[in-house]
*Asks:* 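Pasting a structure below so you can have a look.
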Amino acid sequence: MFLLKTRKHHNRVRRLPGLITENPVLALGLALPFVIAASYSLRAALCVFTGMVVATLPTVLLASLTGSRLPAFIRTPVYALCAMALLLPAEALLTAHFPVILDSLGVYFPVLAVNTLLMHLCEKEELWGHPLAALRRTGLALAGFGAVMGIVACVRELFGAGTLWGMPVSWISWRIDALLFPFGGLIVIAFLAAGCRAIGRLLRGALYQSDQRLQRDMLRDAAHPPRPDGVDGTPISK
Amino acid sequence: MEAIFQFLFYALTAALLENIFFTRALGIRHAMFGSPREILSHGVILTGITFASSFLCYGVRHLLAEQSLTPVLAALCYLACVTIVYLAFLPVCRRPDLRRMLPVSAFNCAVLGALILSSPGQDSLAAAAGFGLGSGVGYTLALFLIKTGRQRLELITLPRAFKGMPILLLYTGIVSLAIYGLIGHQLPT
Amino acid sequence: MTNAPPYIRQKDSCRTLTEDVLIVLFAVYFMAVYYYGARAAVLGVFSAGVAFLCDIVCKLLLRQRITLREHSSLVTALVIPLLLPASIPYSILAAAVVFALVVMKYPFGGVGGNLFNPAAGGFAFAAICFPRDVFAYPTPLERLDIFGSYAGRSVTSAAYTLKAGGIPSVGDFVEMLLGNVPGPMGATNILVVCACLLYLVIRGTVRWQGPVFFLATCAGLAWLFPRASMPGNESVMYELFSGILIFGAVFMLMEPVTSPKRPTGTMLYAVLTGVMTMLFRRFGGFEEGFPFALLLCNAFVPLFDLADELLHRKIRRARLVSSENEKAS
Amino acid sequence: MFFQRTAPPRADGPSRRFWRTAAFFGRGGMLLEQHKDPALSRDLRDCTSGAAEAMDLPPADDPGSLSGEEVLRYARSAAIIDERDGLLLADKLKQGAKGGVSLLVADAVDDEPYVSSQLSPLFKLSQQAVEGLWLAARAAGTSESIIAVYKNLYDTRLKIPGSLYGVRIRKITGKYPAEARTLFTQQPQSTLLVGVCALIHLYRAVHRGVRQTSAFVTVAGDCVANPQNLEVLCGVTTRQVLERCGLIEIPGRVVLGGPMTGRCISPDEEVPVTPTTRAVLAFRSNERDRHYQCIGCGKCVKVCPQGLSPVYLYKGAQTKNLRLLRLCDAVFCTGCGTCSYVCPAKLDLSAEIRRAAGIVRSLDSAKEEVASHD
């Protein structure tokens, strides 16, 4: 198999596991409740994202430092309590700016302390003992999570409530209220995940086709090399 | 007698009406894989922990009723209760797979979500316990329903982009659309 | 037909099966046009057009063969307008049909794969997103202009008064039977729908156990727990004739793809749907609970089929044992 | 096609009666239009042009006094093959005699449409058939013998007498596949089914001392000019048989055996006729109805005589889901073809399920071998 371009693309993408290839929400299915039920408006999505960042980043750092030393059964409670403790300042900060949003989020802000993205990253043995790698991996995962939250929140708020960041948008005349409820989020996420998977497959197909064309050109060149053209096309003897 | 009625009423609403899986989309991670036996053990552990810690949380709520607790602080206390119940459960289950599954089943969105949701409305212990038990049982039934859906989806030739997680999310979305018809309005999250 | 035995096949195919339902639907459309004028027919043609476009796009995306012989999405598209009022704006009808096909049917693999009834899904989506338009009905026999939005006085249907706990004073038994009652476009003319049920059962497209057990359960529950203080039989009449109960029992309950495969499973499915419908009507948020109950019970159909398979596995074993005993004796 | 024995639970006592009544209701099968008429009413043409091979045994001078062993020796030297299942008639009769069979049944059950290759010899050469039946009864040592004939509502013009030369005729009516396959096979020890054509050949072997060189074949189908029953030499190719009956148009496909369980050969292929080919049918091929998917209408489930659910077996076979194939007992399928006949989506259910059942059977037998080794 001749996969020059595909391999080059794959090496480039492999270094960013969270954003492009293994998106934690769409591919691994982590932290789904927040993307489904809590991202009905852009501001709510921002609050949940900041809460997630504040809760996850330090906890994973702590996990990578103390992971191998703590016994198995005590690890999860420690991470959960640490994440919840970290959420306290985050909540104070966010109630200052968005008191109404945080109140309407209700259960979804405190539950950030036990979300599956956090547990998944803390239990990764390969990150134990390498705080820098853990930081990088968590950063990418959170970026992937934030990207999906942003897209879903924009779609749902724009078509669901006809507003963007609270301000009504002029060119939206009708509103689909179903998008604001959890089942609307589930359906949007399902189509987003399927779409991303289909686009990924199309991209890989295009790369493969270009590889095949490249191979055919190289074979044709190897078969009869292009004549090094002298003034009147006579071969220049080496 | 009145407590029993309240217990049953809250258990039923938590299990069928305000099912935390379909109406609040909490704990979807475990709906995607797992054989019926794993689902059963996950559900039983989850229900046990939620039920037990709902007693503790009720006690905590009464002790700290005076101070004005911010939601996250209250959640911290509930998490402490869950940890206590989790540590109490540890010596009970011996089997290695149960021991490995215990932390995952104890600390997930469904448990903490159910406890936080049960706090505002109820004033009596029976109501809180009923809500805890009902949400655990409702969550397990929801997982089994998704399991039968998954078995049915294996028989159909799905489009390639929808195989696996996307079609499961769509299936859950349609069932929660149906249950939304029963509630009719957005539940207080 | 093919080079695998048997080489002779029955004449009717999927096409004739769906054509039976189409013939019957035209009868209901005829009644709708009689009551609400040409707008009913234009709504049907419009939704059929939208469904055809969705078909083309989705089949191209799924790389499926586009044949004009398959009418199952046409049936869905023609059922949805009959559930909605005749004064429904065209945009909402288009949204319901697109949701029914693009979200409920094609992601599950096209024609034979959907697990949920697309028509019920389309109506549920429209009811949740645009409740004002879906539950405001024009009075029958009143001229509706074909295009544009409806400006007349929209009335509430019998289901609404039942939901509010009152006794619907819409009309006596004959009025409701003939459909001269404000309500969904096709679902109010009970007599025609029952004739359609008879035709479908005789043609074998619909198993009789489904609608019969479903309507029996609904009638029983309506008799036992009337929603307003009225005698049993009146409560049964109002419950069955209001909303889309009987129309749903004929066209949506026994959709071949989403209903159980054996008669025993159909009975359980119909009883559960009946109980759920009455539950949704009494405690639900919307005046019409049947589509939501149907979607929920479609999720239980794999369970009923599994129970059926285990039951018939025992029957086969019993037949085996009985044949062995005869051999031994 | 006896049942594939899997370990059945012992259901006895009152529950057994409940299950047996439940089993009775799930009879399944369906009423097929028989199309037997032009072929059956026409007379049986003998196309063997008198080529009869003499046997090493001389014809018996007094057939009435032959003992059982002598009849067996005639059958074995005439190498008569029973057209029902392709076994040697001599072996079947010997096994019947050894097993103490009480009832010998002359099987003229043509329950597949178009096919009447057992009915017309029975009625056209009934004297030879009955004499052959007595000889076979003596060979198998059975006390009682009857003739089983299939007739359903569609072939109204077929008049079946009550008895034939004193032998009672048992009419089997009802749906395809006929109960005879399931009724008689339920008591293999007490009954022995022998084909009518084999009995006719036994009579000729004993009385005329000729070997079996011919077979009775029905030639029918919507491409055949005049469908009829022929007695044809074995080894004659299907093309010659079809040309003898005349073809209206080029057939889309030619079927050996019944239309429900036969084997398809392409029109220009040359296949010799053997004693077990009961019919040669030529059909027009209309390839119009294709590309439907299963819409789960449940008609195949209602029609399956074994009470299986072909819709799930087909899905299990398509997605290679062995758990489902075993749950729904794919191995119980007898390949009668009614599910494919009735399927509105024109899917080849019975062929697919038979293939899957073969896979499941081979896997199970392989598993048993491995289990028996260690």
Side-chain angles (χ1 to χ4, degrees), chain A residues 26-34 36-38 51 72-77 79-81 84-85 87-88 90-92 95 102-116 119-120 123 178 180-199 201, chain B residues 20 22-32 70-76 78-80 82-83 86-87 90 99-100 102-104 106-117 159-180 186-189:
Chain A
L26 299 180
L28 306 179
L30 302 166
L32 275 173
F34 310 100
I36 289 165
F73 66 90
I74 200 65
R75 268 204 302 270
T76 322
Y79 299 146
L81 287 170
M84 189 62 91
L87 272 179
L88 283 171
E91 187 197 31
T95 39
L102 214 60
D103 167 40
S104 71
L105 273 178
V107 76
Y108 291 103
F109 192 80
V111 170
L112 276 169
V114 282
N115 65 60
T116 37
M119 296 302 168
H120 173 76
E123 293 303 315
L180 300 179
F181 304 122
F183 61 82
L186 275 162
I187 292 173
V188 166
I189 288 290
F191 275 86
L192 189 63
C196 289
R197 191 182 288 187
I199 290 168
R201 178 166 288 118
Chain B
I20 53 171
F22 287 121
T23 54
R24 301 265 179 27
L26 289 167
I28 288 190
R29 176 79 178 137
H30 290 279
M32 286 174 213
T70 70
V72 175
L73 207 58
L76 189 62
Y78 297 151
L79 200 59
V82 172
T83 323
Y86 164 74
L87 293 176
L90 263 178
R99 185 171 281 277
R100 196 168 18 72
L102 194 59
V104 176
F107 294 91
N108 68 22
C109 310
V111 172
L112 197 56
L115 292 176
I116 296 171
L117 286 170
R160 277 204 315 268
F162 273 95
K163 278 197 170 57
M165 189 181 79
I167 197 67
L168 257 176
L169 288 178
L170 193 60
Y171 182 87
T172 317
I174 293 172
V175 177
S176 70
L177 165 74
I179 288 184
Y180 177 80
Q186 172 57 344
L187 288 171
T189 54

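Just so you know, these numbers use all the heavy atoms, side chains as well, and skip hydrogens, waters and symmetry mates.
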*Asks:* With only heavy atoms counted, which part of Tyr86(B) is less than 4.5 Å from chain A, the side chain, the backbone, both or neither?
*Replies:* side chain

*Asks:* If I measure from the heavy atoms of chain B, does Ala72(A) come under 4.5 Å with its side chain, its backbone, both, or neither?
*Replies:* neither

*Asks:* Checking heavy atoms, do the side chain of Leu192(A), its backbone, both or neither come under 4.5 Å from chain B?
*Replies:* neither

*Asks:* Determine the minimum heavy-atom distance between Pro110(A) and Ile116(B), stating which atoms define it.
*Replies:* CB-CD1, 3.7 Å

*Asks:* Does Arg29(B) reach the main-chain N or O of Leu32(A) with its side chain, forming a donor-acceptor pair under 3.5 Å?
*Replies:* no

*Asks:* Quick one: closest heavy-atom pair of Arg201(A) and Arg160(B), and the distance?
*Replies:* CD-NH2, 3.3 Å

*Asks:* Who among Met119(A), Glu123(A), Arg75(A), Glu91(A) has the most heavy-atom pairs with chain B under 4.5 Å?
*Replies:* Glu91(A)

*Asks:* Looking only at heavy atoms and a cut-off of under 4.5 Å, which of Ile36(A), Ile74(A), Leu88(A) has the most pairs with chain B?
*Replies:* Leu88(A)

*Asks:* Of all the heavy-atom pairs spanning Phe162(B) and Ala190(A), show the shortest one and how long it is.
*Replies:* CE2-O, 4.3 Å

*Asks:* Only pairs under 3.5 Å count here: list side-chain donor-acceptor contacts from residues 165-180 of chain B, not counting sequence neighbours, and write none if there are none.
*Replies:*
residue   : atom : partner   : partner atom : Å
Thr172(B) : OG1  : Leu168(B) : O            : 2.7
Ser176(B) : OG   : Thr172(B) : O            : 3.4
Ser176(B) : OG   : Gly173(B) : O            : 2.9
Tyr180(B) : OH   : Gly184(B) : O            : 3.4

*Asks:* Between Val104(B) and Thr76(A), is a side chain to side chain contact (heavy atoms under 4.5 Å, CB included) present by the stated rule, with each step listed?
*Replies:* CA-CA 8 Å; Val104(B) 176; Thr76(A) 322; over 6 Å; no

*Asks:* Report which part of Leu76(B) has an atom under 4.5 Å of a heavy atom belonging to chain A: side chain, backbone, both, or neither.
*Replies:* both

*Asks:* Search all heavy atoms of Val111(A) against all heavy atoms of Cys109(B) and return the closest pair with its distance.
*Replies:* CG1-CB, 3.5 Å

*Asks:* With sequence neighbours excluded, tell me which residues meet ring-ring contact (aromatic ring centres under 6.0 Å, His included) with His30(B).
*Replies:* His42(B)

*Asks:* Select one option (side chain, backbone, both, neither) describing which atoms of Thr83(B) are under 4.5 Å from chain A's heavy atoms.
*Replies:* side chain

*Asks:* Any side-chain to backbone donor/acceptor pair from Arg99(B) onto Phe73(A)? Under 3.5 Å, distance only.
*Replies:* no

*Asks:* Between Ile28(B) and Leu186(A), is the side chain to side chain contact (heavy atoms under 4.5 Å, CB included) condition met? List the steps.
*Replies:* CA-CA 10 Å; Ile28(B) 288 190; Leu186(A) 275 162; 3.8 Å; yes

*Asks:* Looking at Gly29(A) and Met32(B), what are the two nearest heavy atoms and their distance?
*Replies:* O-CE, 4.3 Å

